[in-house]
K.L.:
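Can you read through this structure? Questions will come right after.
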Amino acid sequence: MSRQERVSLFMVLVAGFQCLLHHYSGDDEIVIASCVANRPLVEVERLIGRFGNQILLRTSLRGNPTFRELLKRVRESTLGAYTYQDLPYGCLVKEDRGPLFQVMFILQNAPKENRHLPGLTMKWVPLYEGTAKFDLIVWLKIEPALEVILEYDRDLFLAETMKRIVDDYRAILAAAVNDPTMGVSRKPESLAAPPTGTMTTARPKENVSANDDVQSRLVALWEEAFDTRPIGVHENFFELGGDSLMASRLFARMEKVFQKKLPLAALLEAPTIEELARVLSGANGRSFSSSLVVIQPNGSRPRFFTVHGHMGEVFYCRNLSRSLGADFPVYGLRSQIIDGVPAHYTVEEMAGHYVEEIRAVQARGPYFLAGFCGGGMVAYEMARRFEARGEEVALLALFNTPAPGSLDRWPLRQRYLSNRVPNELRKLAALGFRDMRATLSRKAAGFARLVFGSFKTSVWRMCSRCSLAGAEKWSQGVLTVGDINVAAAKAYRPGGYAGRITLFLSEEAAFLYDVDPKEGWTALAEEGIEFHAAGGDNNTIFDERFVDALAEQLKSCIQQAQTGSHLKCRKVTAPAPPRPLR
């Protein structure tokens with residue numbers, strides 16, 4: 001399993017034991033400790049003597065992740081702890097505070113060969129100190145076979161309790177290996193009840209005063225951003241009226257105050273001050289290094305995975321998820337370049353990465369996929385890749401997504417301008433003078449950004465084709481997330497798709513692209529398209545005014561796809577064969 005999931009054996013064993021403690025305690029945040037050699041520097045690596053240090057491994061089991069997803073979380077927290085292994089544990093806790101953990105977890109995998117030095121011979125001798133330093137120490141050996149030894153405080157535990165722990169640990173590991181997609185909250189039969197006898201749990205002692213300080217500073221920042229007082233720590237950012245623009249400004253202020261950069265996606269999973277304070281203090285074990293954002297993890301319906309628009313974020317997913325209801329699990333896929341990770345420059349690269357992100361939480365189909373704007377092209381390519389693996393894609397939904405090949409020379413192509421400009425003028429004519437002036441100014445600035453972005457990406461592509469040194473580094477410093485995603489969409493030229501496409505289009509979509517999306521996508525989908533009209537435009541399609549109606553249509557599509565009984569909706573056929581794609 002460790003090789004298949006690309007994690008160390010130690011991480012698999014940690015995940016299994018934290019899953020066990022989760023079942024025993026009911027806690028969603030599990031902290032255990034381990035020991036490290038603390039020899040990250042070449043200068044001390046080969047010195048004789050003990051440099052060992054204790055590190056804390058904190059993992060969140062919120063949202064009933066699969067064991068495969070739990071492994072990813074454990075990997076993140078473990079690698080993060082290794083990064084700071086030279087920080088003395090004593091610096092983390094003052095003398096007047098209690099311990100931060102009760103369980104020590106140690107894997108003994110260092111070679112025990114007998115060394116021979118000039119004039120000196122050494123050999124290993126078993127030694128037992130006779131006392132337990134912690135409530136429970138889990139010793140693991142892997143040669144010649146996996147061996148688990150429990151060293152425990154007899155004032156706290158009974159011998160039969162220890163035997164039960166070993167049996168339950170074995171049962172959890174066996175169940176995880178048998179089915180890595182099982183939710184960690186599902187108990188093997190032998191874990192029907194917690195063990196009898198005295199049991200303490202691995203429950204971290206939170207540094208309350210520090211957490212209160214983070215919360216109080218967040219309260220001040222939120223009150224400044226919303227210009228509202230007072231704001232409670234349990235109030236929801238979005239219910240207060242926050243949007244992506246306000247979130248960008250707020251997180252910029254937070255970065256200055258806390259000297260820590262968080263992705264905007266953190267607000268989707270932690271929308272209250274209390275939850276955000278836990279993220280900032282690292283108390284929730286979440287690193288946000290994954291492109292997959294958990295918008296709403298619960299519900300009996302199939303997981304719904306939807307890809308970002310051209311700006312890379314998935315804020316639109318929140319309104320959509322709320323309108324779908326609590327029974328529909330929703331996950332968003334965001335551009336990883338937002339967090340400074342090397343960019344994916346093609347739709348194919350993005351799709352490959354997102355497919356693996358999805359498979360980490362759902363190994364097999366049927367899959368329910370969607371994408372907004374250019375992200376719909378990525379979702380389409382993901383569907384093709386799942387199909388190539390022999391996996392079923394039950395639903396592929398596209399929201400205002402241009403058809404491949406329809407963005408040639410966009411936004412300066414004559415046909416696009418001749419369609420778009422009259423449409424914009426009609427909308428301006430319905431506004432008052434003041435609103436007309438503000439709207440015209442905003443539209444002109446937006447169009448200028450599109451043109452400049454198109455120019456930058458053209459220069460970058462020319463440099464890349466000529467294999468000029470530093471082209472990729474230059475792109476990271478000059479191109480925005482939007483520039484890269486738009487360039488990828490322009491260059492995308494896929495083959496056909498054996499399934500059906502469900503297309504949601506606002507009225508404005510016909511004026512946005514060089515080719516009508518209905519015609520372009522019909523030419524690629526072997527089973528045709530199912531078309532639904534949506535309200536608003538490309539900027540407002542998921543606004544509260546329109547999202548409820550869109551969600552009702554989408555909900556019906558998901559339910560029909562889940563049962564395999566598609567209702568016959570109006571099928572759009574292309575009036576003429578598609579023009580060849582260059």
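We count residues from 1, following the sequence as given.
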K.L.:
Applying salt bridge (charged side-chain N to carboxylate O under 4.0 Å, His left out) to R253 and E224, what does each step give before you reach the verdict?
P.N.:
CA-CA 10 Å; R253 291 280 291 121; E224 176 187 348; 3.3 Å; yes

K.L.:
With side chain to side chain contact (heavy atoms under 4.5 Å, CB included) as the criterion, how do M104 and C35 come out once you've worked through the C-alpha distance, each side chain's angles and the decisive distance to 0.1 Å?
P.N.:
CA-CA 8 Å; M104 175 66 74; C35 285; 4.1 Å; yes

K.L.:
Kindly indicate whether the side chain of L9, heavy atoms from C-beta on, has any atom under 4.5 Å from the side chain of I142.
P.N.:
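Side chain of L9 against side chain of I142, heavy atoms only: contact under 4.5 Å found.
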
K.L.:
Hey, do the aromatic rings of F315 and F238 have their centres closer than 6.0 Å?
P.N.:
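Here the rings of F238 and F315 have centres that are less than 6.0 Å from each other.
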
K.L.:
Would you say the ring centroid of F386 lies under 6.0 angstrom from that of Y367?
P.N.:
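Here the rings of Y367 and F386 have centres that are less than 6.0 Å from each other.
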
K.L.:
Please indicate whether R385 has more than 12 foreign heavy atoms, meaning atoms of other residues, nucleotides or ligands, lying under 6.0 Å from its CZ.
P.N.:
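Check passes, neighbour count above 12.
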
K.L.:
Kindly compute the distance separating OG1 (T272) from CD1 (I231), expressed to the nearest 0.5 Å.
P.N.:
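The distance works out to 12.0 Å.
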
K.L.:
Give me the atom names and distance for the closest heavy-atom approach of R359 to R68.
P.N.:
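Heavy atoms of R359 and R68 come nearest at O-CD, 3.5 Å.
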
K.L.:
With a 4.0 Å cut-off, would you call R384 and E348 a salt bridge?
P.N.:
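Salt bridge between R384 and E348, a charged N being under 4.0 Å from a carboxylate O: no.
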
K.L.:
Within a strict 4.5 Å, meaning less than it, do heavy atoms of the K141 and L146 side chains meet?
P.N.:
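Contact flag for K141/L146 side chains = no.
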
K.L.:
Using the side chain to side chain contact (heavy atoms under 4.5 Å, CB included) rule, take F328 and S300 through it: C-alpha gap first, then chi angles, then the decisive distance, then the call.
P.N.:
CA-CA 7 Å; F328 288 81; S300 63; over 6 Å; no

K.L.:
Between OG1 of T502 and CG of L369, what distance do you get to the nearest 0.5 Å?
P.N.:
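So the gap between those two atoms works out to 11.0 Å.
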
K.L.:
What do you reckon, are the aromatic ring centroids of F105 and F17 less than 6.0 Å apart?
P.N.:
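They qualify: ring centres under 6.0 Å apart.
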
K.L.:
Where do A561 and L395 come nearest, in terms of heavy atoms and distance?
P.N.:
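Taking every non-hydrogen atom into account, CB-CB, 4.2 Å.
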
K.L.:
What about the rings of H308 and Y354, do their centers lie closer together than 6.0 Å?
P.N.:
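For H308 and Y354, the ring centres are under 6.0 Å apart.
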
K.L.:
Check the pair E160, K163 against salt bridge (charged side-chain N to carboxylate O under 4.0 Å, His left out), reporting the backbone distance first and the verdict last.
P.N.:
CA-CA 5 Å; E160 53 264 33; K163 183 179 185 304; over 6 Å; no

K.L.:
For the pair Y169 and L13, evaluate side chain to side chain contact (heavy atoms under 4.5 Å, CB included) and give the outcome as yes or no after the intermediate values.
P.N.:
CA-CA 9 Å; Y169 187 30; L13 297 172; 3.4 Å; yes

K.L.:
Shortest non-hydrogen contact from N485 to G309?
P.N.:
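Here N485 and G309 meet closest at ND2-O, 4.1 Å.
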
K.L.:
Which heavy atom of F504 sits nearest to which heavy atom of C557, and what is that distance?
P.N.:
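The pair with the smallest heavy-atom distance is CZ-SG, 4.3 Å.
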
K.L.:
Looking at R75, I want to see if its CZ is surrounded by more than 12 non-hydrogen atoms of other residues, nucleotides or ligands under 6.0 Å.
P.N.:
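Counting other residues, nucleotides and ligands, CZ of R75 stays at 12 neighbours or fewer.
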
K.L.:
I'd like to check F305 versus L292 (side-chain heavy atoms, cut-off strictly below 4.5 Å). Are they in contact?
P.N.:
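Result yes, sub-4.5 Å side-chain heavy-atom pair found.
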
K.L.:
Looking at every non-hydrogen atom in both residues, tell me the closest pair between Q18 and L61 and how far apart they are.
P.N.:
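That closest heavy-atom pairing would be O-CD2, 4.3 Å.
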
K.L.:
I'd like to check D227 versus R229 (side-chain heavy atoms, cut-off strictly below 4.5 Å). Are they in contact?
P.N.:
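Yes, side chains in contact.
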
K.L.:
Check the orientation of Y316 and F399. Use parallel for under 30°, tilted for 30 to 60°, and perpendicular for over 60°.
P.N.:
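The rings of Y316 and F399 stand perpendicular, inter-plane angle above 60°.
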
K.L.:
L280 vs L262, test: side chain to side chain contact (heavy atoms under 4.5 Å, CB included). Steps then yes/no.
P.N.:
CA-CA 8 Å; L280 283 166; L262 287 179; 3.5 Å; yes

K.L.:
Would a distance-only check, ignoring hydrogens and angles, find a side-chain to backbone donor-acceptor pair under 3.5 Å from S25 to L21?
P.N.:
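Between the backbone of L21 and the side chain of S25 there is a qualifying donor-acceptor contact (under 3.5 Å).
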
K.L.:
When the ring planes of H353 and H344 are compared, do they come out parallel, tilted or perpendicular, using 30° and 60° as the limits?
P.N.:
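H353 and H344: tilted rings.
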
K.L.:
Answer yes or no: is there a side-chain heavy-atom contact under 4.5 Å between M350 and M382?
P.N.:
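Contact flag for M350/M382 side chains = no.
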
K.L.:
Would you mind reporting whether F251 and L267 have side-chain heavy atoms less than 4.5 Å apart?
P.N.:
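Counting from C-beta outward, L267 and F251 do come under 4.5 Å.
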
K.L.:
Shortest non-hydrogen contact from P329 to D327?
P.N.:
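For P329 and D327, the tightest heavy-atom pair comes out as CD-O, 3.5 Å.
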
